[in-house]
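For reference, the structure discussed in these notes is given below.
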Amino acid sequence: MVDQKDKLHAMRHSLAHIMATAITTLWPETKLGVGPVVENGFYYDIDLGDTKISEDDFKQIETEMRKIISENQPFERSELPIDEAIQWAEKAGQTYKNELLNDLKRAGTTVAKDLDKDELGTITEGDSAVESVSFYRNGSFIDLCRGPHVESTGKVGAFKLMRVAGAYWRGKETNPQMQRLYGVAFATEKELRQYLHMLEEAKKRDHRKLGAELDLFVISPLIGAGLPLFTPRGTILRDELDKFAQSFRLNRGYQKVWIPHIAKLDTYKTSGHYEKFPELLKFTSTESGDELALKPVNCPHHTQIYASKPRSYKDLPVKYLETTTVYRDERSGELGGLSRVRAITQDDSHVFCSEDQVETVFSELLEDARTLYSQLDLELSLRLSFRDESDSYLGDPAAWDRAEAVIEKLAKQFELEYEVGIGEAAIYGPKMDFMATDALGRKTQLATVQLDYAQPERFELEYTGEDGEKHRPVMVHCALLGSLERFLSIYIEHVAGKFPVWLAPEQVRLITVNQEDKTVEFAEGVAQQAKDLGLRVHIDNDNVSVGKKIRNSELMKIPYTIVIGEKEIESGQVTPRVRSDMEVLKPHDSHAIDNFLKTVSNEMKSRTTKTSL
RNA sequence: GCCGUCGUAGCUCAGUGGUAGAGCAUCGCCAUGGUAAGGCGGGGGUCUGGAGUUCAAAUCUCCACGACGGCUCCA
């Protein structure tokens, strides 16, 4: 098994070399960057000066690659002293490789992050961190490379060039931008075809496509990019999800609050956001002269509710809950569908508590997140986001250490799978992020629980302790869904638009067989019964065929469709048509109308994903 | 913001320099129906916007805007 994985890795890596070989054959002036293996394939960064590769060139490159593959050139490894390697790079005009080699010589690494830390600025003659480097040769192509590779170019499996993208040299925005050519590769043609097929399937459940088809949200270029507008159906989804996520915390004594969406700029100067985030959206009120900003976070507002009166240790923990929208000026190229937007609605909560209450508050939220996500059928894992050694964090380092220790302890206690992300912390404290895995196996951060020692300090929050002294509370930030927008982008794709009954914007559709008064009146009666049970029901009385209306209902992914005609009016029985994905025990039974509606209503209340019809 | 691709009717798309098209949707008429598309007809486009080349531009060139895929960023 491990061998297979290593072999595939070598194939992909070898393909990166073969692609570089093809490109340097076609464009001899090409300067090469790096060409590593990535998930499902490989890429190579190249710089052709003013010439740009486009996807139209792929056919030519692929043809050249196949030529190299059919020649079955052996991959030969050789070792070169570092100084000779540098000479080679200079002679070949490979400036990027030259830079890498010099870093290797100087610091023994090419990892930019490590280099930044090191203060190994000078190279003394004859002294280097690395003695020699390895090269791989196939045909006339030579590349600095650690390997390993397959034996020869003929043994690389199936591949396809996918796309070309811009990528900064060594990932730094200030560096020149190179072109990155991505390819996918698998051991066999069959696996490649399966992968490409999976991509097609993923496209079908793209939340942007489903958002339009199911009439959930729209994005108007006039209103602006990254500012989605939710239709009546989409708003039902938002509200139901939000109600569900809030219910956990309401049960634990959280109290709802409300805040305005703007604040004086001073707020964010105090909180520290102003300094750190230039994307803060500010504007000036001409009347008062006050500088105002749209809120990029909710915590400062909530701190001021806390600070509005003296607090005793007996009041703690104080728990506020609010689903509200924050505004961030994300850069234009970063926006996309609902996953990155400029108006972000968070199901946010803030707890003000003493340090010895942190653990309880935190573990309650962990518990809730676990229940919530399992009910939504999403798998969770944890990422503990801790600080790195840079100085861009607020607050006392000793407090940070305590906080990080508490978080790691809880992660272990809950026996959740976790990884530690160094440098992923928020400016004011460490975080515990919940990574949800969706139906396509992709991991996204959704829920987050964050400890904060910094903001209570900055806003000078206090409570009076048992000892009669003033103490500083600790804040715990939490969003269980994260942002409603991003959550929906994942969730819509996870369920492919087939929402469980309790979330479906329309749960029951009544289709009339004809437009006679008798039929319409009967359907209206059924609809009213359904509404009385709290169900979301629509009547389709369009003057088209029954078959067509059934199809429309199926396309809209309505859980239950029932046809109303002579038979139903006389018998008072209906034969529900159940959406194709739902587990049905006895599909074509007929049910008394009120029993049917009650069953659906119970399914809604229990938030089940199965049907008991 | 940067690199690449794309922008034709509400949607999906055809149209390579010479009179703007199809399917679906919409509207009307006929058909009054039984579990995934009934029939016929009508309306709808400054071909994203602007400038240029040309006798002639949806089509070629440049600029702007927007969308998509990446990079960078993400409180």
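Numbered from 1 within each chain, the chains take letters A, B, ... in sequence-line order. Remember, it's a predicted structure, so these values are computed and weren't measured experimentally.
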Inset, instruction - For the side chain of A:R551, starting at C-beta, report the closest nucleotide among B:rA36, B:rA75, B:rU32. - result: B:rA36
Legend entry - Flag if over 12 foreign heavy atoms under 6.0 Å of CD, A:E460: no
Legend entry - Residue A:S545, side-chain atoms from C-beta onward, closest of B:rU35, B:rC74, B:rG38: B:rG38
Legend entry - Closest listed nucleotide, where the reference is the side chain of A:Y168 and the choices are B:rA36, B:rG70, B:rU72: B:rU72
Inset, instruction - Return the nucleotide paired to B:rA56: Watson-Crick means purine N1 to pyrimidine N3 with N6-O4 or O6-N4, wobble means G-U with N1-O2 and O6-N3, both under 3.5 Å. - result: none
Inset, instruction - Specify the separation, in whole Å, of atom OH of A:Y327 and atom P of B:rC74. - result: 23 Å
Inset, instruction - Determine which nucleotide pairs with B:rG38, using a 3.5 Å limit on both distances of a Watson-Crick or G-U wobble pair. - result: B:rC30
Legend entry - Sugar-phosphate only, base, or nothing, as touched by A:A167 at under 4.0 Å among non-hydrogen atoms: sugar-phosphate
Inset, instruction - Apply salt bridge (Lys or Arg N to Asp or Glu O under 4.0 Å) to A:E404 and A:R387, showing your working. - result: CA-CA 9 Å; A:E404 292 180 356; A:R387 72 198 191 286; 3.2 Å; yes
Inset, instruction - Would you please say whether a donor-acceptor pair under 3.5 Å links the side chains of A:Q346 and A:N298? - result: yes
Inset, instruction - Both distances under 3.5 Å, Watson-Crick or G-U wobble: report the partner of B:rG4, or none. - result: B:rC68
Inset, instruction - Answer yes or no on whether A:R12 is positioned over the face of A:F186, meaning its NZ or CZ is under 6.0 Å from the six-membered ring centre and within 45° of the axis. - result: yes
Inset, instruction - Name the nucleic acid region contacted by A:G224, choosing base, sugar-phosphate or nothing; use a 4.0 angstrom heavy-atom cut-off, strictly under. - result: nothing
Legend entry - Nucleotide of B:rG69, B:rA36, B:rC73 approaching A:L555 most closely (side-chain heavy atoms): B:rA36
Inset, instruction - Would you indicate what A:V164 reaches in the nucleic acid, counting non-hydrogen atoms under 4.0 angstrom: base, sugar-phosphate, or nothing? - result: base
Legend entry - Over all atoms of both residues, closest heavy-atom pair of A:I262 and A:H301: O-NE2, 3.2 Å
Inset, instruction - In whole angstrom, give me the gap between the C1' atoms of B:rG49 and B:rG43. - result: 26 Å
Inset, instruction - Using only side-chain N and O atoms of A:K548, determine if any of them is under 4.0 Å from OP1 or OP2 of B:rA25. - result: yes
Legend entry - Short side-chain N/O contact from A:R208 to OP1 or OP2 of B:rG69, under 4.0 Å: yes
Inset, instruction - For A:E516 and for A:Q450, locate the closest nucleotide of RNA chain B by heavy-atom distance; then report the residue assigned to the nucleotide nearer the 5' terminus. - result: A:E516
Inset, instruction - Could you measure between the two C1' atoms, the one in B:rG21 and the one in B:rC47, and give it in whole Å? - result: 12 Å
Inset, instruction - May I ask you to say what A:E568 touches in the nucleic acid, namely base, sugar-phosphate or nothing, with a heavy-atom cut-off under 4.0 Å? - result: base
Legend entry - Heavy atoms of other groups near A:E213 CD, more than 12 under 6.0 Å: yes
Legend entry - Rounded distance in Å - CE (A:M556) to P (B:rU35): 23 Å
Inset, instruction - Using a cut-off of strictly less than 4.0 Å, decide whether A:R577 has a side-chain nitrogen or oxygen near OP1 or OP2 of B:rA36. - result: yes
Inset, instruction - Please report, rounded to the nearest Å, how far the P atom of B:rC71 is from the CG atom of A:N175. - result: 16 Å
Legend entry - Spacing of the C1' atoms in B:rU5 and B:rG45 (rounded, Å): 25 Å
Legend entry - Sugar-phosphate, base or nothing in reach of A:G565, heavy atoms under 4.0 Å: base
Inset, instruction - Would you please say whether a donor-acceptor pair under 3.5 Å links the side chains of A:T345 and A:E485? - result: yes
Legend entry - Gap in Å between the two C1' atoms, one belonging to B:rU72 and one to B:rA57, rounded: 39 Å
Legend entry - Proximity to the side chain of A:R163 - top-ranked nucleotide from B:rA36, B:rC74, B:rG69: B:rG69
Inset, instruction - Name the pairing partner of B:rG49, where a pair is Watson-Crick or G-U wobble with both distances under 3.5 Å, or state none. - result: B:rC63
Legend entry - B:rA14 to B:rC63 separation - C1' atoms, rounded to the nearest Å: 28 Å
Inset, instruction - Quick one: label A:E213 by what it contacts on the DNA or RNA (base, sugar-phosphate, nothing), any heavy atom closer than 4.0 Å. - result: nothing
Inset, instruction - Give the nucleotide from the list B:rG34, B:rC73, B:rA75 with an atom nearest to the side chain of A:R340. - result: B:rC73
Inset, instruction - Can you figure out which of B:rU32, B:rC73, B:rU35 approaches the side chain of A:E330 most closely? - result: B:rC73
Legend entry - G-U wobble or Watson-Crick pairing nucleotide for B:rA25 (cut-off 3.5 Å, both distances): none
Legend entry - Distance between C1' atoms of B:rG38 and B:rU46 (Å, rounded): 38 Å
Legend entry - Whole-Å distance separating the OH atom of A:Y44 from the P atom of B:rC3: 23 Å
Inset, instruction - Please measure how far the P atom in B:rU59 lies from the corresponding atom in B:rU53, and state the result in whole Å. - result: 15 Å
Legend entry - d(NE2, A:H350; P, B:rA75) in whole Å: 14 Å
Inset, instruction - Look at the rings of A:Y491 and A:F487 and say which category their plane angle falls in: under 30° parallel, 30 to 60° tilted, over 60° perpendicular. - result: parallel
Inset, instruction - Using whole Å, report how far OH of A:Y268 lies from P of B:rA75. - result: 16 Å
Legend entry - Atom pair distance, as rounded to whole Å: CG in A:D542 and P in B:rC30: 17 Å
Inset, instruction - Using the P atom on both, measure B:rU26 against B:rA64 and round to a whole Å. - result: 40 Å
Inset, instruction - Would you kindly compare A:N543 and A:K549 by the position of their nearest RNA chain B nucleotide and give the one closer to the 5′ end? - result: A:N543
Inset, instruction - Using a heavy-atom cut-off of under 4.0 Å over every strand shown, decide if A:A225 touches base, sugar-phosphate, or nothing. - result: sugar-phosphate
Inset, instruction - Would you mind reading off the distance between A:H477 atom NE2 and B:rC74 atom P, rounded to a whole angstrom? - result: 18 Å
Legend entry - For the student: nearest non-hydrogen atoms of A:H350 and A:C299, plus distance: NE2-CB, 3.3 Å
Inset, instruction - Mind checking A:G272 for me? I need base, sugar-phosphate or nothing, with any heavy atom below 4.0 Å counting as a touch. - result: nothing
